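Lettering follows sequence order; numbering is per chain, from 1. These numbers come from a predicted model, not from an experiment.
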There are 4 protein chains.
Amino acid sequence: MTSKKEHIISATAELIHAKGYESTKLSDILKAADIGKGQFYHYFSSKKDLGISVVDQYVQTWEQNLIEAILQSDKPSTDKLNEMLDWAVSYHESIGEFHGCPFGNLALEMSEHDEIFRTKINALFEKWIRSLENVLEDIVGGEKALMQAQAIVAQLEGGILLMKNFQDLSILRNIAENIRAQYI
Amino acid sequence: MTSKKEHIISATAELIHAKGYESTKLSDILKAADIGKGQFYHYFSSKKDLGISVVDQYVQTWEQNLIEAILQSDKPSTDKLNEMLDWAVSYHESIGEFHGCPFGNLALEMSEHDEIFRTKINALFEKWIRSLENVLEDIVGGEKALMQAQAIVAQLEGGILLMKNFQDLSILRNIAENIRAQYI
Amino acid sequence: MTSKKEHIISATAELIHAKGYESTKLSDILKAADIGKGQFYHYFSSKKDLGISVVDQYVQTWEQNLIEAILQSDKPSTDKLNEMLDWAVSYHESIGEFHGCPFGNLALEMSEHDEIFRTKINALFEKWIRSLENVLEDIVGGEKALMQAQAIVAQLEGGILLMKNFQDLSILRNIAENIRAQYI
Amino acid sequence: MTSKKEHIISATAELIHAKGYESTKLSDILKAADIGKGQFYHYFSSKKDLGISVVDQYVQTWEQNLIEAILQSDKPSTDKLNEMLDWAVSYHESIGEFHGCPFGNLALEMSEHDEIFRTKINALFEKWIRSLENVLEDIVGGEKALMQAQAIVAQLEGGILLMKNFQDLSILRNIAENIRAQYI
DNA sequence: AATGAATGAGAATTCATTCAT
DNA sequence: TATGAATGAATTCTCATTCAT
């Protein structure tokens with residue numbers, strides 16, 4: 001039964017999103033997943049091992065929900081861009097609290113700590129930017145597409161950072177509107 | 001002579017920039033500042049007390065170097081925008097390593113941990129955005145100025161985040177170029 | 001098996017009796033109970049937590065040995081008084097060293113430090129005095145019983161204090177004789 | 001000028017009475033006496049040195065106010081006993097807070113810690129009991145005088161202990177009344 | 001598979017005392 | 001005389017990991 005393992009990963013994913021990797025203590029995880037130490041070390045060899053599984057799970061989810069379902073769908077490019085912006089805003093809206101972007105958070109916290117984390121997070125950002133570049137080629141032409149894909153992702157990540165710090169969703173909404181106004 | 005206290009603050013500022021607040025252990029600080037435990041607690045009442053001093057020092061530096069010297073100077077608005085972008089890129093260029101934005105890092109790490117840190121960091125972002133809004137009023141008109149000021153700050157912060165994760169300065173350069181292309 | 005926890009409590013009880021709460025360092029406890037730091041914090045959340053357990057254990061023992069077994073037995077009142085005095089003297093005699101009264105010591109050390117300790121110690125003194133009051137009602141009549149119960153407890157506590165300071169059991173013996181002479 | 005030294009001793013005496021010797025930190029003393037570290041170590045070689053001076057000052061005061069002025073005066077014996085009891089009650093009444101007996105506190109805290117403290121405190125209790133014995137010889141006859149002097153001192157010390165723990169002066173008043181009723 | 005007791009290195013902090021000026 | 005900067009051993013507590021059952 002893998003579902004126990006996945007249960008632990010999901011419980012930890014929330015904790016890490018809310019508090020960060022270092023601040024999420026093993027005891028928090030055991031409590032949240034309602035398991036004992038022995039069970040934890042049966043499924044995972046270390047806290048880091050679990051951390052990596054959490055990132056993998058996040059990566060998989062985003063690849064499906066953002067990259068595949070939105071950016072690589074066969075809708076018109078402007079629709080894709082629109083959907084991506086809606087998805088970003090509604091993701092944070094639905095959580096109800098402003099913990100920031102799971103990837104952005106980990107990117108800043110783990111980048112220089114741990115090469116494995118950095119590489120995995122990197123790969124997702126890379127894919128996101130590349131897929132967005134493809135979308136933008138239709139809208140702004142091929143030459144500027146990469147630069148502007150980077151700019152849009154940066155704008156969203158920075159907007160989520162500001163949203164978290166101000167504890168105010170409206171900043172992210174403004175950012176989304178601003179992007180929309182520029183490209184659509 | 002206050003310089004000993006300032007010496008400790010500066011040494012710690014670098015450590016926190018590079019590793020984050022939590023990961024910067026007291027022992028790291030003592031080593032970096034070349035002082036003993038007792039001396040540390042002679043100057044600061046706790047690690048947090050020092051952390052706040054570090055943020056205060058960063059705030060002061062940025063208010064002088066960014067807000068006052070650039071955004072509130074009496075040069076033309078487009079020059080101010082240009083200078084700000086140059087300053088941002090050259091700041092990270094000069095450090096030689098990609099630790100990210102001192103404020104952005106702390107914003108993400110401390111936002112939900114500690115209200116005092118969040119408030120101080122908030123105040124700086126607020127000032128930055130307001131000052132930039134004033135600059136943009138000349139360029140894009142008053143109506144959109146605030147939204148676009150937010151967008152620019154977000155873009156820079158997000159760009160620095162990507163830069164840190166990719167360990168590649170060119171992303172930040174691209175972002176700066178992109179902003180320049182849009183407004184100048 | 002709770003006996004490990006009780007083992008730690010008992011070992012600590014002796015230390016606290018001999019040296020006081022503050023002077024009993026964690027390292028003393030670990031050595032006396034022959035356990036490691038981690039094990040200690042597995043059973044107790046803090047030194048204070050253990051301290052409270054120690055007081056609770058003392059309270060329980062005294063309630064059984066002094067209050068229930070002696071003062072609330074169904075023997076004649078003068079026998080009860082006699083037994084209490086015997087018990088007090090032989091308690092200190094059997095230990096062989098003059099560390100004072102576990103409750104009196106803590107009462108003086110912790111009274112103004114910590115409200116929880118004070119309250120618990122208070123409760124025991126209160127019960128002791130009330131039970132003794134009941135015994136005395138038969139001997140001196142109801143009117144003076146409370147005052148004289150207080151006087152007897154005070155005399156014993158003060159006698160133990162002097163005994164400790166003079167490192168001489170005979171003072172406590174004298175006090176017991178003096179009480180006996182007055183009431184029996 | 002010795003008055004500075006005496007000023008430090010008096011300020012510390014209050015602190016030790018209220019908090020005990022160990023809990024009175026050097027920093028508390030410096031603050032209370034409004035002096036710097038250098039000045040402290042000019043007048044005293046260590047904290048213990050000061051502690052001994054404090055005990056010496058207490059001993060001197062009690063020898064004057066209790067032993068000489070009351071117990072060795074040329075008034076009738078029953079007056080002396082009465083005055084001693086009044087003095088004891090009014091001493092704690094005048095302070096307004098219930099910190100216990102300065103000697104009783106130190107007796108319990110320091111007895112087994114430090115032989116010098118114990119000896120000095122011992123000497124005072126010894127003198128007190130001897131002087132009271134002389135007074136009692138007139139009242140109860142020579143045979144029982146020593147035992148009853150011990151009993152009275154014990155009763156007062158125990159009463160003050162209970163008073164401190166219950167934070168209630170009336171217990172000490174009861175004890176005084178009880179002693180008066182027995183001898184006067 | 002599972003429990004939770006046990007480990008121990010390392011964390012922040014306290015504090016009497018010494019030393020340079 | 002006096003200041004307060006500097007020292008460092010000792011203190012309580014944290015926490016990921018291992019081990020016996």
Side-chain angles (χ1 to χ4, degrees), chain A residues 1 4-5 8 21-31 33-51, chain B residues 1-5 7-8 21-30 33-51, chain C residues 1-5 7-8 21-30 33-51, chain D residues 1 4-5 8 21-31 33-51:
Chain A
M1 183 176 56
K4 190 64 167 263
K5 190 171 180 180
I8 299 173
Y21 175 79
E22 291 288 352
S23 294
T24 297
K25 310 298 179 189
L26 215 51
S27 60
D28 300 327
I29 294 168
L30 301 184
K31 219 180 297 159
D34 194 31
I35 53 167
K37 264 182 197 172
Q39 209 170 158
F40 176 86
Y41 281 99
H42 174 68
Y43 289 110
F44 302 95
S45 65
S46 67
K47 183 185 162 186
K48 185 177 164 182
D49 182 23
L50 169 57
Chain B
M1 184 172 59
T2 22
S3 73
K4 192 63 171 260
K5 191 171 181 180
H7 167 69
I8 299 173
Y21 175 78
E22 292 288 352
S23 294
T24 297
K25 307 299 180 186
L26 213 51
S27 58
D28 299 327
I29 294 169
L30 302 185
D34 193 32
I35 52 168
K37 242 171 243 205
Q39 202 173 356
F40 175 87
Y41 283 99
H42 180 66
Y43 289 107
F44 302 95
S45 64
S46 66
K47 185 185 157 185
K48 185 177 167 182
D49 182 24
L50 169 58
Chain C
M1 184 173 57
T2 23
S3 74
K4 192 62 171 263
K5 190 172 182 180
H7 166 69
I8 299 174
Y21 175 79
E22 291 288 352
S23 294
T24 297
K25 307 298 181 187
L26 212 52
S27 58
D28 299 327
I29 294 169
L30 302 184
D34 194 31
I35 52 167
K37 236 171 254 202
Q39 203 173 355
F40 175 87
Y41 282 98
H42 179 66
Y43 289 108
F44 302 95
S45 65
S46 64
K47 184 186 159 186
K48 185 176 167 180
D49 183 24
L50 170 57
Chain D
M1 185 174 57
K4 190 64 167 262
K5 190 171 181 179
I8 299 173
Y21 174 79
E22 290 289 352
S23 293
T24 297
K25 308 300 179 188
L26 215 51
S27 60
D28 299 327
I29 294 169
L30 301 184
K31 219 180 297 161
D34 194 31
I35 52 168
K37 262 179 199 173
Q39 208 170 159
F40 175 87
Y41 281 99
H42 175 68
Y43 289 110
F44 302 95
S45 65
S46 67
K47 184 185 161 186
K48 185 177 164 182
D49 182 24
L50 169 58

As its Watson-Crick or G-U partner within any shown strand, both distances under 3.5 Å, E:dG10 has F:dC13
For the atom pair CZ (C:Phe44) and CG (C:Asp49), what is the distance rounded to the nearest 0.5 Å? 6.5 Å
Rounded distance in Å - NZ (A:Lys47) to P (F:dT17): 8 Å
Which part of the nucleic acid, if any, lies within contact of C:Gly38, taking any heavy atom under 4.0 Å across all strands shown: a base, the sugar-phosphate backbone alone, or nothing? base
Does B:Tyr43 make a side-chain N or O approach to OP1 or OP2 of F:dA6 shorter than 4.0 Å? yes
Here the distance between atom C1' of F:dT11 and atom OH of C:Tyr21, to the nearest Å, is 12 Å
Atom CG of D:Leu26 to atom P of E:dT18: distance rounded to whole Å? 11 Å
Selection from E:dA2, F:dT12, E:dA12 that lies nearest to any side-chain heavy atom of A:Gln39: E:dA2
Here the distance between atom P of E:dG8 and atom CD1 of C:Ile35, to the nearest Å, is 13 Å
Side-chain donor or acceptor of D:Lys37 under 3.5 Å from a matching atom on the base of E:dT17? yes
Within this structure, what is the CG-to-C1' distance between A:Asp49 and F:dT17, rounded to whole angstrom? 13 Å
I want to check one thing: is the phosphate of E:dA11, taken as OP1 and OP2, less than 4.0 Å away from some side-chain N or O of B:Lys25? no
When the P atoms of F:dA20 and E:dA1 are compared, how many Å lie between them, rounded to an integer? 22 Å
Can you measure from CD1 (D:Ile8) to CD (D:Gln39) and round to the nearest 0.5 angstrom? 6.0 Å
Between atom CZ in C:Phe44 and atom C1' in E:dA6, what is the gap in whole Å? 15 Å
Cation over ring, D:Lys47 on D:Tyr41, under 6.0 Å and within 45°? no
Any D:Ile35 side-chain heavy atom under 4.5 Å of D:Tyr43 side chain: no
Heavy atoms only: give me the nearest C:Ser23-C:Asp28 pair and the separation to one decimal. O-OD2, 3.6 Å
Could you tell me the Watson-Crick or G-U partner of F:dT21, where both distances fall under 3.5 Å? Say none if there is no partner. E:dA2
Find the distance B:Glu22:CD to E:dA12:C1' and express it as a whole number of Å. 12 Å
OP1, OP2 of E:dT7 versus side-chain N and O of C:Tyr41: anything below 4.0 Å? no
Of the listed nucleotides (F:dC13, F:dA16, E:dA1), which one gets closest to any side-chain atom of A:His42? E:dA1
B:Leu30 CG - F:dT7 P separation (whole Å): 11 Å
The residue, C:Gly36 or A:Phe40, whose nearest nucleotide of DNA chain E is more 5′ is A:Phe40
With DNA chain F as reference, determine whether C:Ser27 or C:Ser45 sits nearer its 5' end, using the nearest nucleotide of each. C:Ser27
